[in-house]
**Q** 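For reference, the structure I am asking about is given below.
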Amino acid sequence: MPQAKKKHRSNPEWIRRHVTDPYVKKSVQEGLRSRAAYKLSEIDDKDRLLRPGLSVVDLGAAPGSWSQVVRQRLTARGGELSGRIVALDILPMEPIPNVDIIQGDFREEAVELQLTDLLGGPVDLVLSDMAPNLSGIAAVDAARSLHLAELALEFSRRHLKPEGALLVKVFQGSGYSQFVEQLKRAFRTVAVRKPAASRESSAEVYVLARGLRA
């Protein structure tokens, strides 16, 4: 399998593409923390995942752009947040009003207990934009991404309400179709999304699984 170009912020090509990216410019203008916000926004515009009153967990949340979108869309007409948002990441993250932030690995018991205490019960939606540090080797990166997606699925089985939903990022490659089959066994409907804000050259897609089976 051919090697993917290594994504690195000191790479001149990456810098050029970043500074000319319309989504990057738009995110700066709108006060969003990264261009990834528009991926979630586009998926939600199509699939109507987010609405006031929901409880949402954002896995791999840093720097926080998805949590910003969730906060916007869970805010009722009066300007008050209606629902609950918990953002988890092993990396530090600047505060977002009305978002509970946990820094740690959700595979660790202490972190999961902290999450359970915050939520007080199962959640409606799990979001996962987790991605590995890219090695530049497509097969390796796909395998690492798949592992993170499987962790998000395991997390969802433990924490979602019956009929809850999972939106998870996956890199297409070896094991991808098998992962989709896992989702189909766990959820009633499964759909693949490739939002416009996701670069065409990227192997990433987002898989939306709805209706967690009992």
Side-chain angles (χ1 to χ4, degrees), residues 36-37 39-44 46-74 81-91 93 96 98-109 111-132 145-171 176 179-193 195 198 204-214:
K39 302 174 188 180
L40 178 58
S41 295
E42 183 182 332
I43 293 169
D44 186 50
K46 178 181 180 65
D47 293 290
R48 304 297 180 189
L49 284 172
L50 299 168
R51 61 186 184 277
L54 296 185
S55 54
V56 181
V57 173
D58 183 6
L59 300 177
S65 62
W66 274 30
S67 290
Q68 287 179 301
V69 173
V70 176
R71 179 178 176 271
Q72 290 171 358
R73 301 198 175 199
L74 265 60
L81 180 77
S82 175
R84 192 69 184 267
I85 310 164
V86 179
L88 290 92
D89 205 300
I90 60 174
L91 299 173
M93 187 169 130
I96 299 173
N98 304 118
V99 175
D100 292 302
I101 297 172
I102 299 175
Q103 183 180 352
D105 188 332
F106 63 80
R107 293 172 295 179
E108 295 176 358
E109 184 179 2
V111 174
E112 193 153 10
L113 285 172
Q114 187 179 355
L115 171 69
T116 303
D117 289 343
L118 270 176
L119 291 170
V123 301
D124 298 289
L125 175 63
V126 172
L127 302 173
S128 174
D129 196 31
M130 292 190 292
S145 169
L146 182 63
H147 176 62
L148 293 176
E150 289 172 339
L151 290 176
L153 173 56
E154 292 174 13
F155 179 93
S156 299
R157 284 174 166 151
R158 293 195 302 274
H159 292 285
L160 274 178
K161 295 177 181 178
E163 301 301 320
L166 165 67
L167 178 66
V168 57
K169 175 159 73 178
V170 188
F171 287 2
Y176 166 75
F179 176 68
V180 172
E181 288 303 314
Q182 287 185 60
L183 290 174
K184 288 179 178 178
R185 290 192 292 271
F187 293 83
R188 298 188 188 282
T189 66
V190 176
V192 178
R193 300 288 182 250
S198 180
E204 73 175 16
V205 294
Y206 291 85
V207 186
L208 173 59
R210 307 181 86 160
L212 180 68
R213 300 179 190 274

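Worth knowing before you read on, the calculation uses all heavy atoms, side chains too, and leaves out hydrogens, waters and symmetry mates.
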**Q** Just to verify, what does F179 make a ring-ring contact (aromatic ring centres under 6.0 Å, His included) with, not counting sequence neighbours?
**A** none
**Q** Under the side-chain contact (heavy atoms from CB on, under 4.5 Å) rule, collect the residues that match up with D129, sequence neighbours excluded.
**A** A36, W66, K169, Y206
**Q** For R157, enumerate each residue passing the side-chain contact (heavy atoms from CB on, under 4.5 Å) test, keeping only those at least two apart in sequence or located in another chain.
**A** L153, A186
**Q** Is there a side-chain contact between L59 and F155 (heavy atoms, below 4.5 Å)?
**A** yes
**Q** State which residues pass side chain to side chain donor-acceptor pair (under 3.5 Å) with E112; sequence neighbours excluded, sorted by chain then number.
**A** R158, H159
**Q** What pairs with D47 under side chain to side chain donor-acceptor pair (under 3.5 Å), at least two apart in sequence or on another chain?
**A** R193
**Q** Can you find a heavy atom in the side chain of L148 that is under 4.5 Å from one in the side chain of P132?
**A** yes
**Q** Just to verify, what does R73 make a salt bridge (charged side-chain N to carboxylate O under 4.0 Å, His left out) with, not counting sequence neighbours?
**A** D44, D45
**Q** Are side-chain heavy atoms of V70 and L40 found at a separation under 4.5 Å?
**A** yes
**Q** For V123, what residues pass the side-chain contact (heavy atoms from CB on, under 4.5 Å) criterion, not counting sequence neighbours?
**A** S55, V57, L119, V126, L160
**Q** Counting N and O atoms only, with roles assigned by atom type, does the side chain of R84 sit under 3.5 Å from a partner on the main chain of L118, one being a donor and the other an acceptor?
**A** yes
**Q** Could you work out, with salt bridge (charged side-chain N to carboxylate O under 4.0 Å, His left out) as the rule, every residue matching E163, not counting sequence neighbours?
**A** R188
**Q** Taking all non-hydrogen atoms of both residues into account, name the closest pair between M93 and G64 and its distance.
**A** CE-CA, 3.7 Å
**Q** Taking all atoms of both residues into account, what is the closest heavy-atom pair of V56 and L50, and its distance?
**A** CG2-CD2, 4.3 Å
**Q** What are the two closest heavy atoms between D89 and A62, and how far apart are they?
**A** OD2-N, 3.0 Å
**Q** Using the side-chain contact (heavy atoms from CB on, under 4.5 Å) criterion, which residues pair with P122? Sequence neighbours excluded.
**A** K161
**Q** Who passes side chain to side chain donor-acceptor pair (under 3.5 Å) against S67, sequence neighbours left out?
**A** D58
**Q** How far apart are the closest heavy atoms of V111 and G104, and which atoms are they?
**A** CG2-CA, 4.0 Å
**Q** Measuring from atom CG of L146 to atom OH of Y176, what distance do you get when rounded to the nearest 0.5 angstrom?
**A** 11.0 Å
**Q** Given L208, which partner from the list L167, V168, L166 fulfils the side-chain contact (heavy atoms from CB on, under 4.5 Å) test?
**A** L167
**Q** Name all residues meeting the salt bridge (charged side-chain N to carboxylate O under 4.0 Å, His left out) criterion together with R107; count only those two or more places apart in sequence or in a different chain, and write none if there are none.
**A** D105
**Q** Indicate the atoms forming the closest heavy-atom contact of R210 with R48, along with that distance.
**A** NH2-O, 3.6 Å
**Q** Going by the rule salt bridge (charged side-chain N to carboxylate O under 4.0 Å, His left out), which residues pair with E108 if we only count those two or more places apart in sequence or in a different chain?
**A** none
